[in-house]
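Notes follow once the structure below has been shown.
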Amino acid sequence: MADSIGIAPSAADAAADRRRRIMAIVGSSSGNLVEWYDFYCYAFFAIYFAPAFFPKGDATSQLLQTAGIFAVGFFMRPIGGWLFGRIADRVGRRTSMVISVLMMCAGSLFIGILPTYETVGAAAPILLLLARMLQGLSVGGEYGTSATYMSEVALKGHRGFFASFQYVTLIGGQLLASLVLIVLQGVMTSEQITAYGWRIPFFIGALAAVVALYLRRSLAETGGSDKEDAGTFSELFKHWRAFCVVLAYTAGGSLVFYTFTTYMQKYLVNTAHMDKTVASRTMTAVLLVYMMVQPFFGWLSDRIGRKANMILYSGLGALMVVPLMTAIGSNTDPYLAFLYITLGLLVVSFYTGISGIVKAELFPTKVRALGVGLSYALANATFGGTAEYVALWFKDSGMETTFFWYVTVLLAIAFVASLIMPNPKVHGYLDGAGTVEEALGKKSALAHA
């Protein structure tokens with residue numbers, strides 16, 4: 001009532017509003033953690049379950065086939081980004097997030113009960129592919145909707161800090177999957193995990209998804225529009241310049257992120273010749289540090305601006321990949337590997353700490369979830385989802401170092417995109433006074449002058 005007659009809200013009202021917003025961040029991010037735990041279990045346990053779904057062969061060949069299915073799961077993301085983005089923009093963010101976590105629960109349970117190649121032959125990898133497609137569809141909708149929701153409920157002036165918890169929980173999902181792997185490695189033999197132990201984490205994920213569903217149902221709804229053009233391609237096309245900028249810098253960000261996280265465990269085993277258990281423990285320690293620093297980089301963006309963060313991530317990233325990957329691959333010391341990989345991920349954190357908010361600020365409310373989700377999903381599927389497959393293909397072809405240069409080129413493109421990206425403080429839909437289209441239009445006019 002105070003607001004309706006022009007009276008400033010009381011300190012108690014402001015504190016209550018702050019608590020509600022923080023609880024909304026906690027609720028949405030907890031579901032995000034479960035979604036990504038389920039998704040990453042596949043990547044971390046692939047070393048063990050690859051022989052269960054494919055014909056006998058060398059380890060690299062089997063991993064290449066599991067990486068191929070991992071990539072196909074990513075190609076479902078654009079469909080999920082469109083479908084759930086449309087639901088979120090037309091019906092509401094909470095509704096979209098509830099459906100996506102239900103779908104992830106079904107996908108994890110499906111993988112946990114799948115028969116092996118020895119039992120059903122060629123049907124085994126086909127069923128695995130279907131399960132991954134279901135999970136890919138779910139995650140494709142999860143990212144854009146949760147990024148949008150967290151950006152909208154975060155406190156003004158602190159949006160970077162609060163929105164960073166999307167990647168805290170995303171990395172937390174990876175970390176949780178890695179911790180489950182370490183626990184199983186501690187209580188079971190390698191043969192037992194290969195035989196049946198790899199199913200356990202997928203059952204855990206399905207159960208955790210039920211808890212996440214309960215938490216998400218209690219969230220306040222945001223977004224949702226009865227306007228006919230909400231969540232449509234025709235409306236999104238009006239913001240095509242922003243869409244292309246997001247595609248460009250997300251391509252490099254997704255590729256380098258998956259290179260230094262999910263692929264890195266296999267790189268340590270296959271190239272640096274580390275023991276599987278040592279590699280798992282090293283990556284768990286790396287991910288713990290990486291997760292903890294995300295709020296700092298989100299907070300930093302509130303001080304120096306999102307654009308500065310993006311320029312630092314892409315510029316430093318383009319310079320670091322080749323020397324760091326070379327050093328990691330020729331090193332057998334887990335402590336040095338920890339330092340090298342952590343250094344790489346600190347640079348990547350300039351991007352991941354603000355990954356959701358830096359996209360959300362470039363799209364208006366009625367196409368925000370669609371714009372964020374679809375642009376991310378397309379770039380992520382094309383470059384992030386194929387990272388392992390491309391890296392293993394180059395290794396199998398005897399050209400492993402070419403992959404390092406491939407990552408470098410994508411980061412160089414991301415650097416250009418970051419340079420032309422409008423400053424969200426001036427031309428952003430959450431805080432800015434001007435529009436993104438105005439800023440990009442001026443840049444285009446200057447380029448042709």
Legend entry - Over 12 foreign heavy atoms within 6.0 Å of CD, Gln192: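 Yes - once you tally the heavy atoms of other residues, nucleotides and ligands closer than 6.0 Å, there are more than 12.
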
Legend entry - Phe403, CZ atom: more than 12 neighbouring heavy atoms under 6.0 Å: yes

Legend entry - Ring-face cation contact, Tyr42 with Arg132, 6.0 Å cut, 45° max: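 Yes.
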
Inset, instruction - Assess Lys276 against Tyr48: is NZ or CZ under 6.0 Å from the centre of the six-membered ring, and within 45 degrees of the ring's axis? - result: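 Yes, a cation-pi geometry holds between Lys276 and Tyr48.
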
Main-chain N/O of [Y] paired with [X] side-chain donor or acceptor, under 3.5 Å:
X	Y	value
Thr382	Leu378	yes
Asp302	Phe161	yes
Arg199	Gly112	yes
Lys307	Ser418	yes
Thr271	Gly329	no
Asn309	Phe297	yes

Inset, instruction - Test Leu312 against Tyr351 for side-chain contact (heavy atoms from CB on, under 4.5 Å), laying out the working first. - result: CA-CA 9 Å; Leu312 287 168; Tyr351 164 70; over 6 Å; no

Legend entry - Residue that, paired with Phe49, satisfies ring pair (Phe, Tyr, Trp, His ring centres under 6.0 Å) out of Tyr196, Tyr117, Trp198: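 Between Phe49 and the candidates, ring pair (Phe, Tyr, Trp, His ring centres under 6.0 Å) is satisfied uniquely by Trp198.
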
Inset, instruction - List the steps and the verdict of ring pair (Phe, Tyr, Trp, His ring centres under 6.0 Å) for Tyr263 and Tyr258. - result: CA-CA 6 Å; Tyr263 173 64; Tyr258 283 100; over 10 Å; no

Spacing of [X] atom [atom1] and [Y] atom [atom2] [to the nearest 0.5 Å]:
X	Y	atom1	atom2	value
Ile341	Thr261	CD1	OG1	10.5 Å
Asn423	Glu361	CG	CD	9.0 Å
Leu288	Met283	CG	CE	12.0 Å

Using every non-hydrogen atom in the two residues, find where [X] and [Y] come nearest and quote the distance to one decimal.
X	Y	value
Ser280	Ser178	O-OG, 3.7 Å
Ala414	Tyr249	CB-CA, 3.8 Å
Glu235	Val367	CG-CG1, 3.5 Å
Phe202	Cys41	CE2-CB, 3.8 Å
Phe53	Pro125	O-CD, 3.3 Å
Thr365	Arg93	O-NH2, 3.4 Å

Inset, instruction - Please check if any side-chain donor atom of Gln294 sits under 3.5 Å from a side-chain acceptor atom of Ser349, or the reverse. - result: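 Yes, because at least one side-chain N or O of Gln294 sits under 3.5 Å from a partner of the opposite role on Ser349.
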
Inset, instruction - Consider only side-chain N and O atoms of Gln166 and Ser355, and report whether a donor and an acceptor are under 3.5 Å apart. - result: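 The criterion, which ignores hydrogens and geometry beyond distance, is not satisfied for Ser355 and Gln166.
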
Inset, instruction - Would you check if the distance from the ring center of Tyr340 to the ring center of Phe260 is below 6.0 Å? - result: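 When the ring centroids of Tyr340 and Phe260 are compared, they turn out to be at least 6.0 Å apart.
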
